[in-house]
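A short write-up of the structure that comes next.
Since we're looking at a predicted model, the values are computed, not measured. No hydrogens, no waters, no symmetry mates; every other heavy atom, side chains included, goes into these values. Proteins come first, then strands; the chains are lettered A, B, ... in the order of their sequence lines, and each starts at number 1.
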Amino acid sequence: QEKHRILHKLLQNGN
Amino acid sequence: SQLLMAEPEKIYATPDPGLPETDINALSTLCELADRELVLTIGWAKHIPGFSSLSLADQMSLLQGSWMEILLLGVVHRSLPFQGELVYAEDYVVDELRSRVCGLRDLYLCTLHLVHRYRTLRLDKEEYVTLKALVLTNADLLRIEDVQSVQRLQDLLQDALHDYDSNQYREEPRRAGQLLLTLPLLRQTASKVVLHFHRARAQGTVSMHKLFLEMLEAK
């Protein structure tokens, strides 16, 4: 998940 | 109707009209477009009933496995009304001449083949949104932690496609099955496109945004 920070962040937060 | 409501807004590429049409500029336009579409696709996935209940790791795996198929299906759907043209965005349409000038002829031809397949089946909007959600749930199950939950979501979507088609297309009892049989070609075409971008990345001539790179690396 560390490698896929942006995807992780966008899924966790709103857009 | 939830899937229809989840559909993202129309997208514009706004390519710089001052730049010459070269393969590097065309690929840059497509990469930049794909990067923005990925943000929209992640937002779209969250509106698919049941998707947000999956673990974060499984949500990531599904998107990483299917994003190119999802983007490609979008291009295919936008291009259905046009002959010989690929509508990457409302303001970025690639015809045969442009595909040759931009060095995208291979991708153009295989994507056009996919468009032809769906045009023959007369894919409608409801089928398109359901098929696209099915593609999301059909990523490689080897990487999924909770296979049962993903399977449940996929079953729900498959039932929705069957219910819709048996109501709307009573005279075509095999229609839903025919649509599902297009998925191998979609996956094959998406692999070709991913390979093309991997090569472009290796050459280092096209600038790519972070999210696009991140998703490309996952493939």
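- For B:Leu211, the parts lying near chain A are the backbone and the side chain together; criterion is any non-hydrogen pair under 4.5 Å.
- With B:Gln59 contributing its side chain and A:Leu11 its backbone, the two residues share no donor-acceptor pair below 3.5 Å.
- Of all heavy-atom pairs spanning B:Met60 and A:His8, the tightest one is SD-CD2, 3.6 Å.
- Between A:Leu7 and B:Met215, the closest heavy-atom pair is CD2-SD, 3.9 Å.
- Residue-environment remark: NZ (B:Lys219) exceeds the threshold of 12 foreign heavy atoms within 6.0 Å.
- More than 12 heavy atoms of other residues, nucleotides or ligands shown are found within 6.0 angstrom of CG on B:Asp140.
- The two atoms that bring B:Leu56 and A:Gln12 nearest to each other are CD2-CG, 3.7 Å, heavy atoms only.
- With B:Lys210 contributing its side chain and A:Arg5 its backbone, the two residues share no donor-acceptor pair below 3.5 Å.
- Tested against A:Leu10, the residues B:Val39, B:Leu63, B:Thr41 include a single side chain to side chain contact (heavy atoms under 4.5 Å, CB included) partner, B:Val39.
- If you measure heavy-atom distances from B:Phe212 to chain A, you find no contacts under 4.5 Å at all.
- In B:His116, the NE2 atom is not crowded: 12 or fewer heavy atoms of neighbouring residues, nucleotides or ligands sit closer than 6.0 Å.
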